[in-house]
Amino acid sequence: MSEVEMMKRQTALAAAGKKKKPFAATFKEMYLGPIAAFVLFISLWQLIPLVLGLPHYILPKPTDVWEATVSDWALLAEAIRITVFESVIGFLLSAVIGIGVSVLLASSKILERSIYPYAIILQTIPVVAVAPIVVIWFGAGFNSIVVISFLIGFFPVISNTLMGLNSVDKNMDELFTLYNASKWQRMWKLRIPAAMPFIMAGLKISCTLSIVGAIVGEYVAGIGGGNGGLGYAITVAAIQVKTSFLFSCGIAAAILGISFYLLVSLFSKMMLGSWHESAMKSEK
């Protein structure tokens, strides 16, 4: 029997030896703790306002938040739809432009040293300080909100992608040099595949920041006379002292962030799961 056949047989025996955990054990290990913590948190949240006698406009109970969500669902659903649309556009712009600029910078050390510091400076400037300029250039409403969402999510993509493009294995780089690979062959066949885990990490950060950017953009840039997203709904609820609905909007924003993150994580697993160690280890 050849060594290859022996290795195949050992691999098959090892795979057969691994038994799937029963559902009860998996549930206890993975889900019981988070569910118990959630139930405890909701219970304490429900009891504290009752015990302290706090009015609903100071600290609403979960039941008050649920009632506000149901009664104003039409307004909340429309706000969520608008914010999702703005966030997706801002995130896609961050991903495409961020990755493209990173590839361009990584292809030339002169460009990287000349331009990358200004990207860092742009990230350190508060959005509130940049937003009036954005509104002057793009007008109040949808365009400015998308631009602000893009600006907030842009830097994590360019930072992580550039780090990945510059973190190529030295032995592989020397192998490409040995075969006289051109600069762009090295970029597309070595550096970009090696940077994929870094790119996905940047996208995971950017997708949640895009929602924050859209909501902040609605605070600063306005809605241009149309229906507003969650930022507008929060502003109106704060003026009307509808604290329960404020909690509904905040929880909706959190759920959107988690949903965006899970979708990008699923995309990351699809891209990396069959070949990269980080994704393969997470599945074990």
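On a predicted model such as this, the values are computed, not experimentally measured, just so you know. Below, all heavy atoms of this structure are taken into account, side chains as well, without hydrogens, waters or symmetry copies.
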Does a side-chain heavy-atom distance below 4.5 Å link D72 with K242?
yes
What distance do S268 atom OG and M196 atom CE have between them, rounded to the nearest 0.5 Å?
7.5 Å
Answer whether the closest heavy-atom distance between the side chains of Q46 and T63 falls below 4.5 Å.
yes
Can you get from I97 to I148 by hopping between Ile, Leu, Val, Met, Phe, Trp and Tyr side chains that sit under 4.5 Å apart?
yes
Quick check: closest heavy atoms across W45 and L59, and the distance to 0.1 Å?
NE1-CD1, 4.1 Å
Backbone N/O of L230 and side chain of E218: donor-acceptor pair under 3.5 Å:
yes
After noting the C-alpha distance and the side-chain angles of L246 and Q240, does the key distance pass the side-chain contact (heavy atoms from CB on, under 4.5 Å) rule?
CA-CA 10 Å; L246 278 173; Q240 298 175 352; over 6 Å; no
Quick check: is F154 connected to I133 through a chain of hydrophobic side chains (ILVMFWY, heavy atoms under 4.5 Å apart)?
yes
If two hydrophobic side chains count as joined below 4.5 Å and joins carry through other members, does Y261 share a cluster with V212?
no
Quick one: closest heavy-atom pair of E112 and L105, and the distance?
CB-O, 3.5 Å
For T208 against G257, the heavy-atom pair lying closest together
CG2-O, 3.6 Å
Please find the pair of heavy atoms, one from S206 and one from G153, that lie closest to each other, and give the distance.
OG-O, 2.8 Å
Report yes or no: do V130 and I152 belong to one cluster of Ile/Leu/Val/Met/Phe/Trp/Tyr joined by side chain heavy-atom distances under 4.5 Å?
yes
Distance check, rounded to the nearest 0.5 Å: K204 atom NZ versus L263 atom CG?
12.5 Å
Straight-line distance of F150 CZ to S210 OG, nearest 0.5 Å:
12.5 Å
Whether S108 side chain and L104 backbone form a donor-acceptor pair below 3.5 Å:
no
From L47 CG over to L52 CG, what is the distance, rounded to the nearest 0.5 angstrom?
10.5 Å
Within a strict 4.5 Å, meaning less than it, do heavy atoms of the V88 and F260 side chains meet?
yes
For the backbone of I80 and the side chain of T83, can you confirm whether one donor and one acceptor N or O come within less than 3.5 Å of each other?
no
S149 side chain to I145 backbone, donor-acceptor under 3.5 Å
no
Are Y232 and I82 packed together at the side-chain level, in the sense that at least one heavy-atom pair is separated by less than 4.5 angstrom?
no
Exercise: identify the closest heavy-atom pair between A95 and V157
O-CG1, 4.1 Å
Residue pair D64 / F247, side-chain heavy-atom distance below 4.5 Å
no
With a 4.5 Å heavy-atom cut-off, do L203 and F91 have their side chains touching?
yes
Side-chain donor/acceptor of W137 to backbone N/O of S144, under 3.5 Å
no
Side chains of V39 and S43: does their closest heavy-atom pair fall under 4.5 Å?
yes
When rounded to the nearest 0.5 Å, the distance separating CG of L92 from SG of C207 is 11.0 Å
Shared ILVMFWY cluster between I215 and I239, side chains joined below 4.5 angstrom?
no
Side chains of I234 and Y219 in contact at under 4.5 Å (non-hydrogen atoms):
yes
Gap between atom CD of E67 and atom OG of S244 - 0.5 Å precision:
8.0 Å
Test your reading of the model: is there a side-chain donor-acceptor pair from R191 to the backbone of L165, 3.5 Å cut-off?
yes
Taking all non-hydrogen atoms of both residues, which atom of C249 and which atom of L76 are closest, and how far apart?
SG-CD1, 4.1 Å
Got more than 12 heavy atoms from elsewhere within 6.0 Å of CG, L44?
yes
Any donor-acceptor pair under 3.5 Å linking the side chain of T69 with the backbone of V65?
yes
What is the ring orientation for Y116 with F155, classed by angle as parallel under 30°, tilted 30 to 60°, or perpendicular over 60°?
parallel
Evaluation steps, side-chain contact (heavy atoms from CB on, under 4.5 Å), between F138 and V146
CA-CA 10 Å; F138 297 94; V146 169; over 6 Å; no
